Number of protein chains: 2
Amino acid sequence: MPHAVPSGRVGFLLARAGGRAIRNLNRALEPFGLRSRHYTVLSASAEQGGLSQRELGEVLGVDPSAVVSLVDDLERAGLVRRDSHPDDRRTRVVVVTEAGRSTLDTTRELARGVDDELLAGLSEDERRTLERLLLRLAS
Amino acid sequence: MPHAVPSGRVGFLLARAGGRAIRNLNRALEPFGLRSRHYTVLSASAEQGGLSQRELGEVLGVDPSAVVSLVDDLERAGLVRRDSHPDDRRTRVVVVTEAGRSTLDTTRELARGVDDELLAGLSEDERRTLERLLLRLAS
DNA sequence: TATTGTTATACTCTATAACTATA
DNA sequence: TATAGTTATAGAGTATAACAATA
């Protein structure tokens, strides 16, 4: 049975592949008690150092109210801290702890593995092309 | 603020773009009382003519129990029928009605429009490349 | 015994509205 | 007035298990 690809094909293909990526990463992260969205929050906090929760939501395309509960989970697990912002007492800056950094090192490998599996049929060149095109989609 | 793209980058980009595509299509379909998953079921049923519900689920990557309620909705709206299978009395074949075909003609244009908007930044060549690469991702 | 469809259920994800404390 | 964070909530998506009818 061939795959059915409806018109509006690309949106469908993106959604299906994205869903698969998320499910696979969730499965890989299960032993850590984390899910893919925790990983993206942890990763962005580490790589962009000290984002506010609002910034995290913006950058990751996640609703602010969802960021709160994701950071709650990560804080409870000791992987991030909420620090106060020097200039604005409303704002809370999310900082990755040492434990968080260590967890991130491990889970990053898992995320790479999930990507590798998904992209198994593509050459290195094709992977770069795909990534470049995805980065240029309308945001 | 640049976009944060964690390692496991491609999976993240796919999920974000796919989510956007689904949300946009849901919004476009709202006047029809349909959502994107109804559209994919309707589209696959029309283009592959008379699939069983199990086949629909397989082809679209949707859980069988979800197919039931999607087909329920479409049947209630008069867009598909459940016919009996000639050789297997367990199986129910999903057939698009005339009304369904007409709705599909209209909604297909909406789906194309959503794709167009998402792909606005890419040339025709780049769009074809993207689609071709997406079709080759691990299923 | 295995499969198709179905129902029930639970959990995650997404989105919105309302509130507080600050700006 | 507006913004950052928070809480509560509801709807959609996803997944699993159990069951009836049929193979």
Side-chain angles (χ1 to χ4, degrees), chain A residues 1 11-12 14-16 18-27 29-30 33-41 45 50-76 80-95, chain B residues 1 12 15-27 29-30 33-41 45 50-76 80-94:
Chain A
M1 172 76 50
F12 171 81
L14 287 167
R16 201 175 49 168
R20 197 150 42 221
I22 288 197
R23 276 192 300 279
N24 291 347
L25 185 54
N26 282 342
R27 207 166 301 138
L29 292 175
E30 207 165 9
L34 301 176
R35 302 182 62 79
S36 53
R37 300 161 81 222
H38 296 112
Y39 171 72
T40 61
V41 168
S45 300
L51 298 179
S52 72
Q53 299 188 175
R54 183 193 57 72
E55 288 169 326
L56 275 171
E58 218 167 83
V59 139
L60 297 172
V62 174
D63 194 86
S65 66
V67 174
V68 172
S69 81
L70 291 169
V71 174
D72 279 352
D73 295 340
L74 291 170
E75 195 172 41
R76 207 173 304 120
V80 303
R81 284 195 322 269
R82 283 171 161 111
D83 283 1
S84 52
H85 191 284
D87 304 333
D88 186 339
R89 288 198 294 172
R90 293 172 304 179
T91 300
R92 323 194 56 180
V93 177
V94 177
V95 179
Chain B
M1 173 75 51
F12 172 81
R16 200 175 49 168
R20 196 149 45 219
I22 288 197
R23 277 191 299 278
N24 291 347
L25 184 54
N26 282 343
R27 209 166 299 137
L29 292 175
E30 207 166 9
L34 301 176
R35 302 181 63 78
S36 53
R37 299 163 82 221
H38 297 112
Y39 171 74
T40 61
V41 168
S45 301
L51 297 179
S52 72
Q53 299 188 175
R54 183 193 56 74
E55 288 169 327
L56 276 170
E58 217 167 83
V59 140
L60 297 172
V62 174
D63 194 86
S65 65
V67 174
V68 171
S69 82
L70 290 169
V71 174
D72 279 351
D73 295 340
L74 291 170
E75 197 174 39
R76 208 174 304 122
V80 303
R81 283 196 322 270
R82 282 171 162 112
D83 283 0
S84 52
H85 190 284
D87 303 333
D88 186 339
R89 288 197 294 173
R90 293 172 306 180
T91 301
R92 320 194 59 179
V93 176
V94 177

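Atom set for the values below is all heavy atoms of this structure, side chains included, hydrogens, waters and symmetry mates excluded. These numbers come from a predicted model, not from an experiment. So that the names make sense, note that chain A is the first sequence line, chain B the second, and so on, each numbered from 1.
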Report task. Specify the closest pair of heavy atoms between A:His85 and A:Asp87, including all atoms of both residues, with the distance to one decimal. Result -> ND1-N, 3.0 Å

Query raised in the report: Shortest non-hydrogen contact from B:Ala21 to A:Gly11?
Result: CB-CA, 3.6 Å

**Report entry** Stepwise side-chain contact (heavy atoms from CB on, under 4.5 Å) test for B:Arg37 and B:Val62
**Finding:** CA-CA 9 Å; B:Arg37 299 163 82 221; B:Val62 174; 3.6 Å; yes

Query raised in the report: Within a strict 4.5 Å, meaning less than it, do heavy atoms of the A:Arg82 and A:Val71 side chains meet?
Result: yes

Requested in this report: Nearest 0.5 Å please: distance from the CD atom of B:Glu58 over to the CD atom of B:Gln53.
Outcome: 13.5 Å

Query - Spacing between A:Glu55 atom CD and D:dA4 atom C1', to the nearest angstrom - result: 11 Å

Query raised in the report: Should A:Arg82 be listed as having a side-chain N or O under 4.0 Å from OP1 or OP2 of D:dG5?
Result: no

Query - Spacing of A:Ile22 atom CD1 relative to C:dT14 atom C1', expressed in whole Å - result: 12 Å

Requested in this report: Go through A:Val67 and A:Glu55 one step at a time and tell me if the side-chain contact (heavy atoms from CB on, under 4.5 Å) criterion holds.
Outcome: CA-CA 10 Å; A:Val67 174; A:Glu55 288 169 326; over 6 Å; no

Query raised in the report: Between B:Arg23 (CZ) and D:dG13 (P), how many Å, whole number?
Result: 12 Å

Query raised in the report: Within this structure, what is the CZ-to-C1' distance between B:Arg27 and D:dA12, rounded to whole angstrom?
Result: 14 Å

Report task. Identify, residue by residue, the members of residues 62-73 of chain A with a heavy atom below 4.0 Å from DNA chain C, and return them in order of residue number, or none. Result -> A:Asp63, A:Ser65

Report summary line: note: B:Arg16, atom CZ; C:dT14, atom P; distance rounded to Å ~ 13 Å

Requested in this report: Look only at the side chain of B:Asn26 and the backbone of B:Ser36, and say whether a donor-acceptor pair between them is shorter than 3.5 Å.
Outcome: yes

Query raised in the report: Quick one: A:Leu51 CG to D:dA4 C1', roughly how many Å, whole number?
Result: 14 Å

Might you list the N or O atoms of the protein lying below 3.5 Å from N or O atoms in nucleotides 18-23 of chain C, with each pair's distance?
from, atom 1, to, atom 2, distance (Å)
C:dA23, OP1, A:Arg89, N, 3.1

Atom pairs, protein N/O to nucleotides 10-12 of chain C N/O, distance under 3.5 Å:
from, atom 1, to, atom 2, distance (Å)
C:dT12, O3', A:Arg35, NE, 3.1
C:dT12, O3', A:Arg35, NH2, 3.3

Query - Interatomic distance where CG belongs to A:Leu25 and P belongs to C:dC13 [whole Å] - result: 11 Å

Query - Chi angles and distances behind the side-chain contact (heavy atoms from CB on, under 4.5 Å) call for B:Leu34, B:Leu74 - result: CA-CA 8 Å; B:Leu34 301 176; B:Leu74 291 170; 4.0 Å; yes

Query raised in the report: Below 4.5 Å, heavy atoms only, C-beta onward: do A:Val80 and A:Glu75 meet side chain to side chain?
Result: yes

Requested in this report: Test A:Val94 against A:Arg92 for side-chain contact (heavy atoms from CB on, under 4.5 Å), laying out the working first.
Outcome: CA-CA 6 Å; A:Val94 177; A:Arg92 323 194 56 180; over 6 Å; no

Query - B:Ser45 versus B:Val41, closest heavy-atom pair with distance - result: OG-O, 2.7 Å

Query - Closest-nucleotide ordering on DNA chain D, the 5'-leading residue of A:Thr91 and B:Ser36 - result: A:Thr91

Query raised in the report: Over how many whole Å does the gap from A:Gln53 atom CD to D:dG5 atom P extend?
Result: 5 Å

